[in-house]
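Below, all heavy atoms of this structure are taken into account, side chains as well, without hydrogens, waters or symmetry copies.
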Amino acid sequence: MTGIEELLLSRIRDVPDHPEPGVTFKDITPLLADPAAFTALTDALAEISVRSGATKIVGLEARGFILGAPVAVRAGLGFIPVRKAGKLPGATLGQTYDLEYGSAEIEVHAEDLSADDRVMVVDDVLATGGTAEASLQLIRRAGARVAGVAVLMELGFLGGRARLEPALDGAPLEVLLKV
């Protein structure tokens, strides 16, 4: 394990039985509260984004906003929020995706992306992969190219990687921690 992995893991708190009994929630708020850990995380994700040739960062609601915005600033790139349906003003492009029980929809302002853009998706967790997969579809429908997906941690037991890899179409999936 590397020094950054140890630092990041040491600042992620397990919260048992949240949001429901039997689930252990990975709380990143202690990491965000620690300037050294938050800076190390931001630097690592910015380095991945620059190395990929990204021109924009997409942050997925809601913790992807917290991570993606400083990554964009650090990397000198633009930041684009991908929000739950109905939260962005004006004209949007939406993408519906399946959840375990039902469906959800995310949206983006399509005019913020162009054919010249290579977009890195940043989020805190890769769980089932549904939101990340839908964001890749949105990025491509807006005319931009996918540079990859970068996440703080992957919850491997939920199978998100298997769902996401076909949608990546060869773009990298970068994970700092596998739990």
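Side-chain contact check for R141 versus L138: some heavy-atom pair is nearer than 4.5 Å. Taking 4.5 Å as the limit, some side-chain heavy atom of V179 sits within range of a side-chain heavy atom of L9. Side-chain contact between L8 and L176 is present, with heavy atoms from C-beta onward closer than 4.5 Å. Two residues are said to be in side-chain contact when any heavy atoms from C-beta on lie closer than 4.5 Å; I12 and D27 fail this criterion. Proximity of V71 to S49: side-chain heavy atoms (C-beta onward) are separated by under 4.5 Å at one or more points. The side-chain heavy atoms of V15 and R13, taken from C-beta on, include a pair separated by under 4.5 Å. Between P70 and F38, the closest side-chain pair of non-hydrogen atoms falls below 4.5 Å. In this structure, the side chains of E6 and T2 stay at 4.5 Å or more apart for every pair of heavy atoms.
Annotation for S52 and M120: closest pair OG-CE, 3.3 Å, computed over non-hydrogen atoms. Residues A132 and S135 approach most closely at O-OG, 2.7 Å, considering heavy atoms. Of all the heavy atoms in D17 and G22, the pair that sits closest is OD1-N, 2.8 Å. Nearest heavy-atom pair across F79 and A72 is CB-CB, 3.8 Å.
Judged purely by distance below 3.5 Å, without hydrogens or angles, the side chains of Y97 and S103 never pair a donor atom with an acceptor atom. Side chain to side chain, D117 and T55 meet the donor-acceptor criterion of an N or O pair below 3.5 Å.
A distance of 4.5 Å separates CD1 of I48 from CD of E174, quoted to the nearest 0.5 Å. Distance NE2/H109 to CD/E107: 8.5 Å, rounded to 0.5 Å. Distance CG/D34 to CZ/R11: 4.5 Å, rounded to 0.5 Å. With values rounded to the nearest 0.5 angstrom, I4 atom CD1 is found 8.5 Å from L177 atom CG. To the nearest 0.5 Å, atom CG of residue D43 and atom CD of residue E47 are 9.5 Å apart. Of the inter-residue distances, the one linking I66 atom CD1 with D124 atom CG reads 8.0 Å to the nearest 0.5 angstrom.
Formation of a donor-acceptor pair under 3.5 Å by the K56 side chain with backbone atoms of D112 is found in this model. Not one N or O on the side chain of T39 forms a donor-acceptor pair closer than 3.5 Å with the backbone of A36.
Residues meeting the side-chain contact (heavy atoms from CB on, under 4.5 Å) test with T24, sequence neighbours left out: D14.
The side-chain contact (heavy atoms from CB on, under 4.5 Å) with I57 is formed by just one residue from the set L77, I80, V121; it is L77.
Residues L168 and V119 share a single hydrophobic cluster, defined by chaining ILVMFWY side chains whose heavy atoms lie under 4.5 Å apart. The hydrophobic cluster containing L93 also contains I139, counting ILVMFWY residues as joined when their side-chain heavy atoms lie under 4.5 angstrom apart, directly or transitively.
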Q.
As a quick check of understanding, evaluate side-chain contact (heavy atoms from CB on, under 4.5 Å) for V108 and V58, giving each step before the final call.
A. CA-CA 9 Å; V108 68; V58 154; 5.5 Å; no
Q.
Please determine whether salt bridge (charged side-chain N to carboxylate O under 4.0 Å, His left out) holds for the pair R163 and E133, giving the CA-CA distance in whole Å, both sets of side-chain angles, and the decisive distance to 0.1 Å.
A. CA-CA 8 Å; R163 179 177 183 170; E133 178 187 37; 2.8 Å; yes
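A salt bridge is absent between R63 and D123: the closest approach of a Lys/Arg side-chain nitrogen to an acidic carboxylate oxygen does not fall below 4.0 angstrom. A salt bridge does not link K84 with E105: none of the charged nitrogens is closer than 4.0 Å to a carboxylate oxygen. Using a 4.0 Å cut-off between charged side-chain N and carboxylate O, R83 and E61 make a salt bridge.
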Identify every side-chain donor-acceptor pair in residues 142-160 under 3.5 Å, counting partners at least two apart or on other chains, and give the distances.
residue, atom, partner, partner atom, Å
E154, OE1, R161, NE, 3.3
E154, OE1, R161, NH2, 2.8
E154, OE2, R161, NE, 3.2

